[in-house]
Amino acid sequence: MAIFIFQQFGDGDLVQLIAIPLLVTGMIWLLSTAHCYEGTVGACATFLTILFMIPDNQSYTYALARVVDSFIGMFVAFGMNIALPCKYKKLDGFKDK
């Protein structure tokens, strides 16, 4: 969506100043509505990383490749968590006994 906006209106400072906060706010709203609170920071970081690292001669292909890379990393992390489970017990908080 951001790439489309920048292609339609240019990627000047004013467009970025308006579009980027609106898109980040929309993403936070969407993730909050879907009750995916844990993924909000990671999604925003991934979005901003992809957005600011796009080379001038590439746009959609670069963004798609970065999203695919993120999903591959996520699946590798899930696989590692399954293959190498944590040996520590999860604490219920700091309760005084």
Side-chain angles (χ1 to χ4, degrees):
M1 181 64 128
I3 297 170
F4 176 76
I5 291 171
F6 292 154
Q7 286 181 343
Q8 296 301 314
F9 300 105
D11 60 349
D13 291 339
L14 183 60
V15 175
Q16 289 184 13
L17 185 65
I18 295 170
I20 293 172
L22 287 175
L23 290 170
V24 170
T25 303
M27 183 171 29
I28 292 170
W29 174 81
L30 182 67
L31 290 168
S32 295
T33 303
H35 301 289
C36 295
Y37 306 110
E38 299 85 14
T40 303
V41 173
C44 289
T46 302
F47 170 72
L48 293 172
T49 301
I50 291 170
L51 186 64
F52 289 123
M53 300 301 286
I54 294 175
D56 291 336
N57 59 351
Q58 297 178 344
S59 59
Y60 290 108
T61 55
Y62 179 81
L64 181 62
R66 291 297 304 253
V67 170
V68 169
D69 289 345
S70 296
F71 275 105
I72 290 171
M74 181 180 65
F75 288 125
V76 168
F78 283 144
M80 293 298 292
N81 284 336
I82 292 170
L84 302 171
C86 183
K87 296 179 183 179
Y88 301 104
K89 292 183 179 180
K90 197 171 191 178
L91 299 176
D92 290 332
F94 298 103
K95 296 180 182 177
D96 292 331
K97 292 185 179 183

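Quick caveat, the model's predicted, so the values are computed rather than measured.
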Could you tell me the separation between the CG atom of Leu51 and the OG1 atom of Thr46, rounded to the nearest 0.5 Å?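 So the gap between those two atoms works out to 12.0 Å.
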Other residues, nucleotides, ligands: >12 heavy atoms within 6.0 Å of [X] [atom1]:
X	atom1	result
Phe4	CZ	no
Phe71	CZ	no
Asp13	CG	no

Linked, directly or transitively: [X] and [Y] (ILVMFWY side chains, under 4.5 Å):
X	Y	answer
Met53	Val41	no
Ile50	Met74	yes
Leu14	Ile5	no
Ile72	Met80	yes
Phe75	Val67	yes

With the side chain counted from C-beta on, respond yes when Leu23 and Met27 share a heavy-atom pair under 4.5 Å apart, and no when they do not.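 Not in contact.
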What I'd like to find out is whether the side chain of Trp29 reaches to under 4.5 Å of the side chain of Thr25, using heavy atoms alone.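 A side-chain contact under 4.5 Å is absent here.
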List the atom of Gly39, the atom of Leu31, and the distance in Å for their closest heavy-atom pair.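 For Gly39 and Leu31, the tightest heavy-atom pair comes out as O-CD1, 4.1 Å.
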What pair of heavy atoms forms the shortest contact from Ile20 to Leu48, and how long is it?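 It is CG2-CD2, 3.9 Å.
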